[in-house]
Every structure is written in structure tokens, then in C-alpha cells.
Amino acid sequence: MAASDSALWDDRAKAQETLLALADVKEKIKLLADFKTQVEDAETIVKLTEEMDAIDGGLLEEATNIIKELNKALDRFELTELLSGPYDKEGAVIAITAGAGGTDAQDWADMLLRMYVRWGEKQRYKTRVVEKSMGEEAGIKSATIELEGRYAYGYLSGEKGTHRIVRQSPFNAKGLRQTSFSGVEVMPLLPEESMDVEIPEEDLEISFSRAGGKGGQNVNKVETAVRITHTPTGVTVRCTEERSQLANKIKALSRLKAKLLVIAEEQRASEIKQIRGDAVKAEWGQQIRNYVFHPYKLVKDVRTGYETSDITSVMDGDLVPFIKAYLRYKYTMSSTTENLR
Amino acid sequence: MRLGAPTDRVKLKVGIRDLYSLWRRRIEERRPFQYIVGCEHWRDLVLSVQEGVLIPRPETEILVDLVADAVVSKVNARLNDRVWADLGTGSGAIAIGIARALGSGGCRKVIATDLSSVAAQVASFNVQRYGLQDIIEVREGSWFEPLKEFQGKLTGLVSNPPYIPSMNIPGLQAEVGKHEPRLALDGGADGLDDLLHLCHGAASMLRPGGYFAFETNGERQCKFLVDYMENELKGSFLDIQVVSDFAGFQRFVTGFRQ
């Protein structure tokens with residue numbers, strides 16, 4: 001209706017937007033119409049074979065193929081619908097941090113690291129652990145994984161949050177059952193050029209690791225680390241993977257921009273300036289999944305309710321059912337809110 | 001991560017025995033890691049370094065940004081006259097950094113000087129490696145000696161001179177005190193000998209409106225230099241600033257020739 005309204009053309013930008021949305025919807029309708037036709041074709045063939053006395057193998061095969069292709073196409077269509085966020089197509093960066101629980105939590109973080117690396121490899125992403133900070137006794141304090149490949153971010157974005165483990169801790173002197181936590185953060189792996197966003201210097205708090213003593217010529221250093229905080233929102237990124245101050249600063253800024261862009265998208269803010277800082281803080285602590293090793297075996301996602309007792313496969317990187325369940329859940333949530341607008 | 005098959009081989013640059021002796025030197029003699037691998041990552045560069053050449057410091061990375069900012073905002077010379085000097089260039093780090101940051105549009109030539117012939121060789125090697133031999137000229141000699149022809153004509157002057165007080169040298173971290181060249185570290189009794197020489201040199205070598213930036217040992221030296229320039233060299237400079245490094249120490253003194 002809007003396209004035929006002559007007043008539409010008064011605002012070129014709005015007109016362009018509406019036309020693009022229109023083209024999008026038209027394409028979807030065509031796709032669905034195609035699906036419908038194919039279903040009808042298959043139906044016709046089945047009816048034909050029912051009416052005929054002899055079963056025509058060739059016809060049945062045709063029907064089977066139509067249905068097979070149709071299923072694949074439907075899966076792809078559903079996936080594109082589920083992964084339609086602006087960054088879903090990109091690669092991903094996962095940052096794991098051991099939470100409360102001491103050495104047990106650090107070992108838990110290490111287990112999560114392995115789980116995601118295994119998932120990445122199974123899904124055939126180029127998976128690299130770019131940073132790893134070892135715990136004093138065991139496990140890791142933190143680690144960062146980069147996964148290159150299409151849709152890594154779309155699949156992994158639901159992994160963001162706190163993961164909780166319940167088990168008989170090998171690090172507990174009495175072998176008691178213990179609960180530990182680890183935080184997982186996911187950011188899109190955006191190529192530097194694609195981030196058309198400038199963050200004003202005054203909004204950034206940049207600090208580097210100190211040399212100790214007077215610094216400069218007095219000291220020989222091999223490591224450098226940068227921490228950048230976006231003061232208005234409190235979002236912080238730490239980078240220690242690169243080998244010079246400048247390189248770490250560039251990478252940290254890049255990660256920070258990616259994080260902010262995602263948060264802006266989630267909050268439906270059209271600019272980074274509009275991000276609500278309090279909402280950012282609240283999200284970080286969200287518990288999303290429980291992994292129980294003892295006294296029974298269960299992994300349960302608290303958002304979707306999806307659960308499995310095959311905890312071994314999950315820890316070996318078998319996350320597909322959890323991811324799918326979350327994507328569907330997210331889709332349902334967003335389309336409900338759309339309808340409520 | 002994954003355990004490879006027993007037939008997987010790990011490739012090493014150097015044999016195990018040699019690796020072990022290199023490691024021993026690192027641990028027992030505190031030989032700097034950068035000298036062992038022969039290079040240092042600095043800004044977006046990989047620079048060759050060896051005994052006899054100061055290992056570029058992370059703090060010094062900012063010097064290049066200070067120069068780039070100054071050129072953008074203030075330096076006022078015709079393009080084809082822009083000659084910069086990096087004094088005590090060591091590995092050539094600063095010279096290469098500013099040549100790349102300013103580009104052919106920002107400077108015509110960078111003269112990098114050093115008293116040490118080892119440094120001059122290493123700097124030349126690094127300059128070649130980055131293909132900047134048409135922009136950067138390495139000259140062996142003491143401070144401004146090799147630059148006489150540019151008196152009053154330099155667009156910019158940068159330096160990370162030796163600034164550690166002589167008596168502090170024995171107490172330095174072993175990697176520094178026992179392995180890096182004393183020539184690059186010892187700034188005399190209060191560490192200011194070379195810095196003061198540079199201030200005088202800046203007054204005579206820079207063109208009007210020319211820019212200088214020096215790295216120092218910290219707040220005391222920065223304050224002293226600012227004071228010295230405003231009083232003993234009164235009328236020579238304007239817009240004298242002290243810039244802190246990333247750890248919050250006052251580290252650099254910058255300004256313009258009047």
C-alpha cells in the first residue's frame with residue numbers, strides 16, 4: 001500500500017528502504033510459492049501411483065527426489081530466517097573466563113575451551129586459540145578462540161552467558177560435590193574495514209600493563225597487554241595476543257567495536273551512543289546452561305528447556321541441538337515482540 | 001590441543017641441543033629474549049636487533065604518534081623541504097616509524113644518526129628491509145655532527161637518547177644492564193647530558209616552526225628540561241608540552257621552534 005502512496009516519494013531514503021523491504025518480502029513469497037508447487041507436484045505423483053495398477057519406479061523416484069530437495073531447501077530457508085541478524089553471517093570470537101570456584105572453575109573453563117574448539121573443528125571452521133592464560137594449579141584463567149567461517153557468529157551468539165558445572169571436584173580435598181561457574185562471551189569477527197564506526201577518544205579508557213619501576217630504557221619487556229573500556233557503557237576488552245603495544249591496541253579496539261555494534265543491535269539502538277549501560281551490565285551475569293556430572297548426568301539449557309543426559313558428547317563439542325533450540329527460541333521471542341508492536 | 005599421530009614431526013628452526021644452550025643463556029646469563037631471536041616486534045614492524053643495539057621500547061611507540069599528530073595539526077613547511085632527523089637511531093625504529101606514518105607526502109627525507117657503527121649497520125639493514133632507503137639515510141656520527149648542512153633547516157627532530165643516570169646502571173635489570181649497549185643507556189651523572197645537548201641542538205638546527213620530541217627518564221627530567229628551555233634557552237621554543245606514556249609516567253617533552 002505504501003508504494004502506491006504518492007507522498008512516499010517525498011522522502012527518498014524512506015522510499016528506498018520501503019522498496020528494499022518490499023523486494024525482500026516479494027522474494028520470500030515467490031520462494032514459498034515455489035515450495036507449494038513442489039509439494040503439489042509430489043502429491044500429484046503419489047496420487048498417480050495410487051491410481052495406477054503397476055508401480056512406476058521412475059515416477060516414485062522423481063517424487064522422492066522432489067521431497068528430498070524440498071526438505072533441504074526448507075532447512076536452508078528456516079536457517080536463513082533464524083540467522084538473519086546483521087552479524088550472523090560473520091565469523092566469531094569466543095572469550096572464556098573462569099568465574100567463581102577457584103581452581104575447579106579454572107579447570108571448568110578449560111573444559112569449555114575444549115568443548116568449543118571441538119565444536120569448531122567438527123563444524124569445519126578455521127578454529128584458533130589466540131590467547132590462553134593458565135591457572136596457577138590447573139586449568140585456565142581465560143582464553144580466546146577465533147573461528148573463521150560463515151555463520152559462526154550466528155550459531156554461537158546464543159552461547160553468551162554463564163555456564164554452571166556441578167560435579168565431584170577433583171580439586172576438592174574431600175572430593176565433595178562442587179558448583180563452579182565460567183563466563184562465555186561471543187563477538188562477531190568483523191574485518192577492520194567493515195566497521196564504519198568511530199568511537200570518540202574521550203569515551204575510551206586505555207590502559208597498558210606496567211613495566212614495573214621506571215619503565216622505558218630501564219626495563220626489558222617481552223609481553224604487552226592492553227585493556228580498553230568504553231566508559232559510557234562499561235564494556236571492556238582486554239588483548240594480549242599481539243606483540244607490540246600498537247598491535248594490541250588496534251586489535252582491542254576492533255574487538256570493542258564489534259562488541260558495541262552487537263549490543264547496539266540487540267538493544268535496537270541505531271547508534272553506539274544510544275546503548276543503555278545498565279542493560280549491558282545486567283546481561284553478563286545471565287546463567288544460561290547447567291552441566292551436571294554428579295549425582296546424575298544432565299546438561300540443561302535454562303532458556304529453551306532443552307536437555308540431554310549425554311554430557312560426554314556435549315563436552316566433546318556436540319552442541320548442535322542446543323544451538324538449534326536456542327535459535328528457534330530466539331526467533332519465536334522476536335516475532336512475538338514484533339507482533340505486539 | 002590435539003595429540004598428533006606418533007609420526008607427526010615438529011619443525012624447529014634450530015636443533016634441540018642448540019635450543020638448549022640458547023635457553024641456558026637466557027635463564028642463566030639473562031640474555032635478552034630479543035637478542036636470542038634476533039628481532040623485536042615494535043608498532044607494526046619487526047626489527048632486527050643484536051648485541052650493540054638498543055632494543056626498541058614499547059613506550060617509544062607513542063613517539064611516532066606524537067609526530068604524526070604534530071604534522072597533521074601544525075608543522076608548516078613546504079612539502080619538498082621536509083627533512084626530519086632521528087638522533088641516536090639504534091635499530092632505526094623511530095626513523096622507520098615516522099617515515100611510514102608521514103609517508104612521502106609528509107616528509108621528503110629522514111636522516112638517522114648514531115655514534116655506533118654496529119647500530120648504523122643494523123639500522124641500514126632494517127631500512128632496506130622496509131624498502132625505505134630512498135627516504136631514510138643512515139649516517140654514522142655524533143649527534144648533530146653529520147647534519148651540519150641542515151643547520152636551521154630541519155623540519156623535525158626526534159630522539160630517544162641515553163637518559164639513565166650513570167650510577168643507576170649497575171642496578172638495572174640484568175637483561176638491560178649486562179647486555180644492552182651502555183652507550184645507548186648512560187646519560188651521565190643525572191642522565192641529562194645528552195638531552196641537554198639535544199635541546200641546544202634543537203635551537204640551532206630546527207627551522208622556525210620546526211618540531212621536536214624527546215624521550216626522557218620520567219617526571220624529574222621532563223620538568224628540568226621544560227624549565228631549562230623556558231629559561232636558559234628563552235625565546236627559542238613555544239608550545240612546550242610534557243606527554244605521559246601509557247603507564248602514566250611523564251615521558252616525553254615536545255615543542256616547536258619559534
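The chains referred to below are lettered A, B, ... by the order of the sequence lines, with proteins before strands, and numbering in each begins at 1.
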Checklist entry - For B:Phe125, does the CZ atom have more than 12 heavy-atom neighbours from other residues, nucleotides or ligands under 6.0 Å away? => result no

Checklist entry - What part of B:Ile55 lies closer than 4.5 angstrom to a heavy atom of chain A: side chain, backbone, both or neither? => result side chain

Next on the checklist: Tell me whether the count of non-hydrogen atoms from other residues, nucleotides or ligands lying under 6.0 Å of CZ in A:Phe171 goes above 12.
Outcome noted: yes

Checklist entry - Which bit of B:Ala174 comes within less than 4.5 Å of chain A, counting heavy atoms only: side chain, backbone, both or neither? => result neither

Next on the checklist: Are more than 12 heavy atoms, taken from residues, nucleotides or ligands other than A:Lys251, located less than 6.0 Å from that residue's NZ atom?
Outcome noted: yes

Checklist entry - For atom NZ of A:Lys122, is the number of surrounding heavy atoms from other residues, nucleotides or ligands below 6.0 Å larger than 12? => result yes

Item to check | Proximal component of B:Pro161, with respect to chain A [non-hydrogen, under 4.5 Å] | outcome: backbone

Next on the checklist: Using 0.5 Å steps for rounding, measure from the CD atom of B:Glu61 to the CG atom of A:Asn248.
Outcome noted: 9.5 Å

Next on the checklist: Restricting to non-hydrogen atoms, name the atom on A:Lys214 and the atom on B:Asn217 that form the minimum distance, rounded to 0.1 Å.
Outcome noted: CD-ND2, 4.0 Å

Checklist outcome for this item: d(B:Tyr35 OH, A:Asn220 CG) to nearest 0.5 Å is 8.5 Å

Checklist entry - Got a second to check how far A:Gln217's CD is from B:Glu59's CD, nearest 0.5 Å? => result 9.5 Å

Checklist entry - Just wondering, more than 12 heavy atoms not from A:Arg227 lying within 6.0 Å of its CZ? => result no

Next on the checklist: Pair B:Leu172, A:Asn218 - check side-chain contact (heavy atoms from CB on, under 4.5 Å), show working.
Outcome noted: CA-CA 6 Å; B:Leu172 289 177; A:Asn218 295 276; 3.5 Å; yes

Checklist entry - Which region of B:Asn160, side chain (C-beta onward) or backbone (N, CA, C, O), has a non-hydrogen atom less than 4.5 Å from a non-hydrogen atom of chain A, or is it both or neither? => result both

Next on the checklist: Other residues, nucleotides and ligands only: do more than 12 of their heavy atoms fall within 6.0 Å of CD on B:Glu29?
Outcome noted: yes

Checklist entry - When you look at CZ of A:Arg243, are more than 12 heavy atoms from neighbouring residues, nucleotides or ligands closer to it than 6.0 Å? => result no

Checklist entry - Quick check: are there more than 12 heavy atoms from other residues, nucleotides or ligands sitting under 6.0 Å from CD of A:Glu205? => result no

Checklist outcome for this item: CD of A:Gln245 to CG of B:Asp245, rounded to nearest 0.5 Å, is 9.5 Å

Item to check | chain A interface, residue from B:Gln34, B:Glu175, B:Glu215 that has the most non-hydrogen pairs under 4.5 Å | outcome: B:Gln34

Checklist entry - Looking only at heavy atoms, what is the nearest atom pair of B:Arg43 and A:Ser244, with distance? => result O-OG, 2.5 Å

